[in-house]
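Here the structure is laid out as structure tokens; the discussion comes afterwards.
Below, read A as the first sequence line, B as the second, and so on, with proteins coming before strands; counting in each chain starts at 1. As the structure is a computational prediction, the values presented were derived from the model and not from experiment.
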There are 2 protein chains.
Amino acid sequence: MRKMILPDIDDVALSQVLYALSDPVRLDVVRTLARDGEASCSVLDGGRPKSSMSHHFRVLRESGLVRTRHEGPSHMNELRRDDLDRRFPGLLDAVLAAGDAGPARRDG
Amino acid sequence: MRKMILPDIDDVALSQVLYALSDPVRLDVVRTLARDGEASCSVLDGGRPKSSMSHHFRVLRESGLVRTRHEGPSHMNELRRDDLDRRFPGLLDAVLAAGDAGPARRDG
DNA sequence: TTGATAGTTCGATAATAATCGAACATTGAT
DNA sequence: ATCAATGTTCGATTATTATCGAACTATCAA
């Protein structure tokens, strides 16, 4: 396995973070991490194939949203809250405050 | 021309807004509108083809970010700040506070 | 070493989106 | 009606991304 990516938060572009967060699967991962503190990849996969999730975790890492550390055979993920709050103040809070990702109304 | 799209802000999903903002061209339009209040499409095109910009404006409208009104032959665009601030409190502020879209560091 | 578990990487495919020229529509002026 | 200006829509192309099986890597236990 190649070295884990952990970009300097100052090298991350806003567009990059917004893009990473714009995918419902990844947004759901971020929400869960915000609520639960940290979790392994398998806990967060929602039944999706490992290869699909591995892709999403890579996007989350490259965009500075998530840090992954190796803990035995599993990988524990956590939000880079401090880094993000410093680099993009209020952004993560606003995203997490938005509740679920779907429309606020169920019907018209 | 078909009727202008102006979705109820409650029908807009967070993912949708984040996606719309994740494109540098569209993010730049949003920044300009936040600074200047309103502007026509041609003022905001940055030299790009009209058809490309028309696509971006449609994405911005469909995601609830921008409202377009017809003013003579030109179309004036403005941010839906109040709607957005109510639906996603703090989000637009955080995005606009982030300064330019690129990495914070020019070099390493 | 063998096996089980947890993720990554690779490769192929399908889906989505960006780009942009050309044709069309709308407005306002002459 | 004709013309110029402003955008939209259409259609085709290209580029990016999501998805996922299969092969591979790493870790731990027996």
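- Cluster membership for B:Met76 and B:Leu65, using ILVMFWY side-chain heavy atoms within less than 4.5 angstrom, is not shared.
- Applying the side chain to side chain contact (heavy atoms under 4.5 Å, CB included) criterion to A:Thr68, with sequence neighbours excluded, gives A:Met4, A:Arg61, A:Val66, A:His75, A:Asn77.
- Counting distance only, with no hydrogens placed and no angle test, the side-chain atoms of B:Ser54 and the base atoms of D:dG7 include no donor-acceptor pair under 3.5 Å.
- Under the rule for a side chain to side chain donor-acceptor pair (under 3.5 Å), B:Arg48 has no partner lying at least two apart in sequence or in another chain.
- Listed by chain and number, the residues in a side chain to side chain contact (heavy atoms under 4.5 Å, CB included) with A:Ala34 are A:Leu79, A:Arg81, A:Leu96 (sequence neighbours excluded).
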What side-chain donor-acceptor pairs closer than 3.5 Å can you find for residues 50-59 of chain A, not counting sequence neighbours?
unit_1: A:His56; atom_1: ND1; unit_2: A:Arg26; atom_2: NH1; d: 3.1
unit_1: A:Arg58; atom_1: NH1; unit_2: A:Glu62; atom_2: OE2; d: 3.4

Might you list the N or O atoms of the protein lying below 3.5 Å from N or O atoms in nucleotides 14-18 of chain D, with each pair's distance?
unit_1: D:dT17; atom_1: O3'; unit_2: A:Tyr19; atom_2: OH; d: 2.6
unit_1: D:dA18; atom_1: OP1; unit_2: A:Tyr19; atom_2: OH; d: 3.1
unit_1: D:dA18; atom_1: OP1; unit_2: A:Arg26; atom_2: NH1; d: 3.0
unit_1: D:dA18; atom_1: OP1; unit_2: A:Arg26; atom_2: NH2; d: 3.0
unit_1: D:dA18; atom_1: OP2; unit_2: A:His55; atom_2: NE2; d: 2.5

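- For the side chain to side chain contact (heavy atoms under 4.5 Å, CB included) test with B:Leu21, the passing option among A:Leu21, A:Leu18, A:Val17 is A:Leu18; the others fail.
- The 5' end of DNA chain D is approached more closely, in terms of each residue's nearest nucleotide, by B:Pro73 than by the other of B:Ser52 and B:Pro73.
- DNA chain D lies under 4.0 Å from at least one heavy atom of each of the following residues of residues 42-50 of chain A: A:Pro49.
- Residue-level contact check: B:Ser74 touches the backbone only, with heavy atoms under 4.0 Å from sugar-phosphate atoms and none from bases.
- Between the side chain of A:Asp36 and the backbone N or O of A:Glu38, no donor-acceptor pair lies under 3.5 Å.
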